[in-house]
Asker: 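My structure is below; once you've seen it, I'll send some questions.
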Amino acid sequence: MDRAEFFDGAGRDEALTLSLDGWEGPLDLLLTLARSQKVDLREISILALVQQYLAYLESAESIRLEIAADYLVMAAWLAYLKSCLLLPTDPEADPSPEELAWRLQQRLARLDAMRNAGARLMGRDRIGRDVFARGAPEGLRLMRSSTWQSTPYELYAAYGLVKARTQPAMHIVAHRAVMALDEAIERVARMLGTAVDWMRIEAFVPPSLDLAYAKSALASSFVAALELARQGRLELSQDGPFAPLEVRAAR
Amino acid sequence: MNDLVRAVEAVLFAASNPLSPDEIALHVAGGDIAAALATLAERYTGHGIELVERGGRWHFQTAPDLAHLLRRTREEPRRLSRAATECLAIIAYHEPVTRAEIEAIRGVQISKGTIDVLMEAGWARTAGRRESPGRPLLYATTPAFLTHFGLGSRRDLPGIDDLKAAGLLDPLDEEEALSLETRGDED
Amino acid sequence: MNDLVRAVEAVLFAASNPLSPDEIALHVAGGDIAAALATLAERYTGHGIELVERGGRWHFQTAPDLAHLLRRTREEPRRLSRAATECLAIIAYHEPVTRAEIEAIRGVQISKGTIDVLMEAGWARTAGRRESPGRPLLYATTPAFLTHFGLGSRRDLPGIDDLKAAGLLDPLDEEEALSLETRGDED
């Protein structure tokens, strides 16, 4: 719909189909209505503008709810503004109705200014429409040449790495002090003679500062104790899982 | 014609984009590039081609009064919607500006694609975030915007001084900006 | 400057192809185009740009003596990737060597670009073909390689024992070996 035609010609003709689809929000509609007063935006009659807006909304034939919400909120606010402007001035009101009206005017002026600015921008001598850049520029070329860098150290280290990576792997198990099973059986059997009552298995392990050896000795002594128990030479007792394991000579 | 001026002329002529004096200097060793540019610009005055500066970068273009000879079609290179046009104007005159501020000025939410269109055209860019609650993105114009619309700088925006004087470019009062923000920005 | 000459200048500037006088006349109504072209050509003599005719078609071009300004080379120092360094080391210690042999020694395949980079750097060259099935190309180092790495000759490369003494042949610790496996050939 051509707005100018609408306002200049038909006025609020009932035959016209009015809808909100053509407006970019309530402020846009207000601005167009304000323009129809044909005075400077700062001189417009806010009361008349409010009337125009409310009348337009009433006459709008098809109101689609999803787009109407903003317009209705604005209508409510304008109705409030109108009543404030008509009622006797309440000196306590803050902001005052005049202040509210001024703010509305300012908002319309801002939108109007930006709308004009947009139009003036689009009307400038634009590249590709009014002025033209060179059609076939040769172009400036940037040739990148890489100067590769490396150092002797990196070269040798790389070769070392390759060699190390592909060297056949040799596995050497380092010597470790262990207590052999035979030794443990002999030791446990020998010490069992002195064990009158239950003794913890740890008591059969020789004291050692070498933790690895101590572990090995404990493991071997345990297996030795199992073997001696199988032979019926000692008894084993344990109250529960992980409880101390105790040993005594068979009765 | 002096060698430096010739060289600057050739480089600008061959370039497919506007060049800053620093960029020109990468091709033309030594000499007063600014002086050479001034000489050239003057020499081309009244020609069918002119040398112009846009946002600190220089390029040759055809004289605006010859547009009617060169325009093949009346169609605009990029036809912007009314929403996009207003949005671009708001960004240009208020930059840097948040989406909520743009919406507050227009009194309506802007659809998702509107700013995208401006960014795609190369006329708008994001310009950091405002250090306020929510840290909203800021938008500003680009050098290509100045080039396209034939503006030497933002000071050449039509009527910007008058708008500033009338207080129409002042930051919005918070109430107005807030009333829109609470409606929720969908992305 | 006369209007016709200005118009012809602008039309030729904006055109994406050289134009014949007839084609120019489609844009510029009336007037002696040949004369305007002659005037223009003379006016641009000695500029950084010149108007030239080729086979009856006219166009602007940068003056041939300034062509070198349009190209600019920038040297960028770049570090050799680890894969390329290993590859170079293998070539240096084993030359002449085929690609398959390099891969066998590295224990990892080498990507297409790796040897190219070494050739581009001027450190590796092809050195004929091995007379074996498939006649694979052989690679060797260049004098520039010796210069860059400060070597008088290949005999100056440290031997395996030297590398061992320098701790460069120590078995990898597990972590490093793992990171090598997962990284594969990265360039």
Side-chain angles (χ1 to χ4, degrees), chain A residues 117-178 210-216 219, chain C residues 10-18 59-62 67 69-80 82-90 92-93 102 104-108 117-118 120-123 145 148-151 157-158 160 162-164 166-172 176-177 180:
Chain A
R120 287 173 77 178
L121 270 183
M122 294 303 144
R124 289 183 64 82
D125 289 327
R126 290 166 59 189
I127 287 188
R129 186 186 70 166
D130 310 289
V131 297
F132 295 82
R134 186 156 174 231
E138 286 92 348
L140 299 174
R141 262 178 305 161
L142 174 63
M143 327 268 280
R144 282 167 209 276
S145 73
S146 303
T147 49
W148 292 97
Q149 306 212 310
S150 187
T151 64
Y153 173 78
E154 285 170 328
L155 185 74
Y156 307 144
Y159 193 66
L161 212 58
V162 168
K163 279 299 185 190
R165 197 158 69 218
T166 53
Q167 238 177 133
M170 285 224 304
H171 299 285
I172 301 163
V173 178
H175 173 76
R176 241 174 66 193
V178 294
D210 183 344
L211 281 179
Y213 178 73
K215 264 198 171 150
S216 161
Chain C
V11 166
L12 281 173
F13 174 83
S16 45
N17 296 304
H59 72 278
F60 282 111
Q61 65 177 28
T62 50
L69 297 178
L70 311 185
R71 257 170 283 115
R72 176 166 62 94
T73 53
R74 188 162 70 193
E75 306 244 308
E76 292 180 337
R78 290 178 65 183
R79 293 222 79 76
L80 217 50
R82 181 148 147 188
T85 310
E86 288 185 11
C87 191
L88 178 64
I90 293 167
Y93 276 89
I102 297 171
I105 295 169
R106 261 196 94 203
V108 184
V117 164
L118 299 177
E120 190 199 319
W123 295 336
F145 163 79
H148 186 93
F149 290 93
L151 298 164
L157 284 171
I160 295 295
D162 300 321
L163 295 180
K164 202 173 271 171
L168 293 175
L169 259 180
D170 291 345
L172 302 175
E176 202 176 347
L180 263 169

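Numbers restart at 1 for each chain; the letters A, B, ... are given by sequence-line order, proteins then strands.
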Asker: Ring-plane angle category for Tyr93(C) and Tyr156(A), please: parallel below 30°, perpendicular beyond 60°, tilted otherwise.
Answerer: perpendicular
Asker: List for me each residue that meets side-chain contact (heavy atoms from CB on, under 4.5 Å) alongside Arg120(A), sequence neighbours excluded, and say none if there are none.
Answerer: Pro158(B)
Asker: Which atoms of Leu151(C) are under 4.5 Å from chain A, going by heavy atoms: the side chain, the backbone, both sets, or neither?
Answerer: side chain
Asker: With sequence neighbours excluded, what pairs up with Ser150(A) under the side chain to side chain donor-acceptor pair (under 3.5 Å) test?
Answerer: Glu154(A)
Asker: Nearest 0.5 Å, please: how far is CZ in Arg71(C) from CD in Glu138(A)?
Answerer: 11.5 Å
Asker: Could you have a look at Pro137(A), Pro152(A), Ala136(A) and say which one has the most heavy-atom pairs with chain C under 4.5 angstrom?
Answerer: Pro152(A)
Asker: Side chain, backbone, both or neither: which part of Ala157(A) has a heavy atom under 4.5 Å from chain C?
Answerer: both
Asker: Find the distance between CD1 (Ile105(C)) and CZ (Arg165(A)) and round it off to the nearest 0.5 Å.
Answerer: 11.5 Å
Asker: From Thr85(C) OG1 over to Trp148(A) CH2, what is the distance, rounded to the nearest 0.5 angstrom?
Answerer: 9.5 Å
Asker: If you define the side chain from C-beta out and look only at heavy atoms, does anything of Leu155(A) sit under 4.5 Å from Trp123(C)?
Answerer: no
Asker: Please check if atom CZ in Arg79(C) has more than 12 non-hydrogen atoms from other residues, nucleotides or ligands closer than 6.0 Å.
Answerer: yes
Asker: What is the minimum heavy-atom distance between Val162(A) and Glu86(C), and which atoms define it?
Answerer: CG2-OE1, 3.5 Å
